[in-house]
2 protein chains.
Amino acid sequence: MSTKTKNGKRVFLQNEDCPIRNVVSQVGDKWSMLILFSLVEGPDRFNSLKTRIEGISQRMLTQTLRDLERDGYVNRTVYPEVPVKVEYKLTSLGEGLAKSLWKLVSWANAHHDEIRNARREYDRDNG
Amino acid sequence: MSTKTKNGKRVFLQNEDCPIRNVVSQVGDKWSMLILFSLVEGPDRFNSLKTRIEGISQRMLTQTLRDLERDGYVNRTVYPEVPVKVEYKLTSLGEGLAKSLWKLVSWANAHHDEIRNARREYDRDNG
DNA sequence: CCGCATCCCCTCAGATACTG
DNA sequence: CAGTATCTGAGGGGATGCGG
């Protein structure tokens, strides 16, 4: 994550070799985490995911699944039935990611009210 | 995070009350985590942060610090010296967030090569 | 059923110039 | 030193229509 040190403080780099950026920029988008946690409960099909993840468009579901597949988090299997059935499934890498994200999720749940209060207070005092 | 259940599967909602979305959409942007981890090492000043976080513009540093302050992760203190000194410091909420992010960070470090390999392979086979 | 292609808007974020 | 203001381009993401 950081490579240099300057006056005893760490200097943070942001290039394409930064693991943080490479993981977070993917997982931090609008839909990735919701898909990831949907698949934690087991493999699922395209339209089932589309139904379960409220508000996602077909376009974004496809695109986000492709990106997750590209990074090795998700496997895509096509069953040549009629009509076609496509199943998405976490890889072990994806499961590891979801697991390490879980701590963040539970923290978010536990402190959600606190955050919203801070937000309201800030908005009241300022803008 | 999820409120409903359908055929035994969880249905994920994405409204403004979703803690995941409220936390991740803030922390998942381009600079927040780097600022957060810079401040884990202790309070710091505007220009010091700007130097330590490679590539960040003045504009984005200001804006991201404001957003972090708004959510209650960061405190801003102005010392009326000449020239002005402004110090940014994690709140206990911000420290809790950073701590719960740390697991993700170490996971990212550990699996970075794996991800980049998957990416290369995917790009070779496809586009 | 599972997409891809297109259009189009709107926000994010970089560059640059100016203030207390 | 620590910002604000404005302009601008790139891209995220929705709506819609077509194809295997």
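Letters go in sequence order (proteins before strands), and every chain restarts at 1.
In this structure, the side chain of Thr64(A) does not engage the main chain of Ser32(A) through any donor-acceptor pair within 3.5 Å. Using modelled atom types, one side-chain atom of Arg52(A) and one backbone atom of Arg10(B) make a donor-acceptor pair closer than 3.5 Å. Judged by distance alone, with hydrogens and angles left aside, the side-chain atoms of Ser38(A) form no donor-acceptor pair with the main-chain N or O of Leu49(A) at under 3.5 Å.
Nucleotide dT6(D) holds its C1' atom 14 Å from the CD atom of Gln63(B), rounded to whole Å. In this structure, CG of Asp29(A) is placed 17 Å from C1' of dA13(C), rounded to the nearest angstrom. In this entry the distance linking CD1 of Ile35(A) with P of dG13(D) reads 11 Å, nearest Å. One atom, CG of Leu61(B), and another, C1' of dA13(C), lie 13 Å apart when rounded to the nearest Å. Look at CG on Asp44(A): it is 14 Å from C1' on dC2(C), rounded to the nearest Å. Per the geometry, CD1 belonging to Ile56(A) stands 15 Å off C1' belonging to dA15(D), to the nearest Å. Rounding to whole angstrom units, CH2 of residue Trp31(B) and C1' of dA13(C) are separated by 10 Å. Spacing between atom CD of Glu54(B) and atom C1' of dA13(C) amounts to 17 Å, rounded to whole angstrom units.
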Between the protein and nucleotides 1-4 of chain D, list every N/O to N/O distance that falls short of 3.5 Å.
unit_1, atom_1, unit_2, atom_2, d
dC1(D), O3', Arg45(B), NH2, 3.1
dC1(D), O3', Val84(B), O, 3.3
dA2(D), OP1, Arg45(B), NE, 3.1
dA2(D), OP1, Arg45(B), NH2, 3.2
dA2(D), OP1, Val86(B), N, 3.3
dA2(D), OP2, Asn47(B), N, 2.9
dA2(D), OP2, Asn47(B), ND2, 3.2
dG3(D), OP1, Arg66(B), NH2, 3.0
dG3(D), OP1, Arg76(B), NE, 3.3
dG3(D), OP1, Arg76(B), NH2, 2.5
dG3(D), OP2, Tyr88(B), OH, 2.5
dG3(D), N7, Gln58(B), OE1, 3.1
dG3(D), N7, Gln58(B), NE2, 2.6
dG3(D), O6, Gln58(B), OE1, 3.2
dT4(D), O4, Gln58(B), OE1, 3.4

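Of the side-chain N and O atoms in Lys50(A), none sit less than 4.0 angstrom from OP1 or OP2 of dC1(C). Between Ser57(B) and dA13(C) there is no side-chain polar atom (N or O) within less than 4.0 angstrom of OP1 or OP2.
Put simply, Tyr79(B) and Leu90(B) are part of two different groups of oily side chains (I, L, V, M, F, W, Y) that touch within less than 4.5 Å, one to the next.
Taking the six-membered ring where tryptophan is involved, the planes of Tyr88(B) and Phe46(B) are tilted, since the angle between them lies from 30° to 60°.
From Asp29(A), atom CG reaches atom OG of Ser25(B) across 11.0 Å, with rounding to the nearest 0.5 Å.
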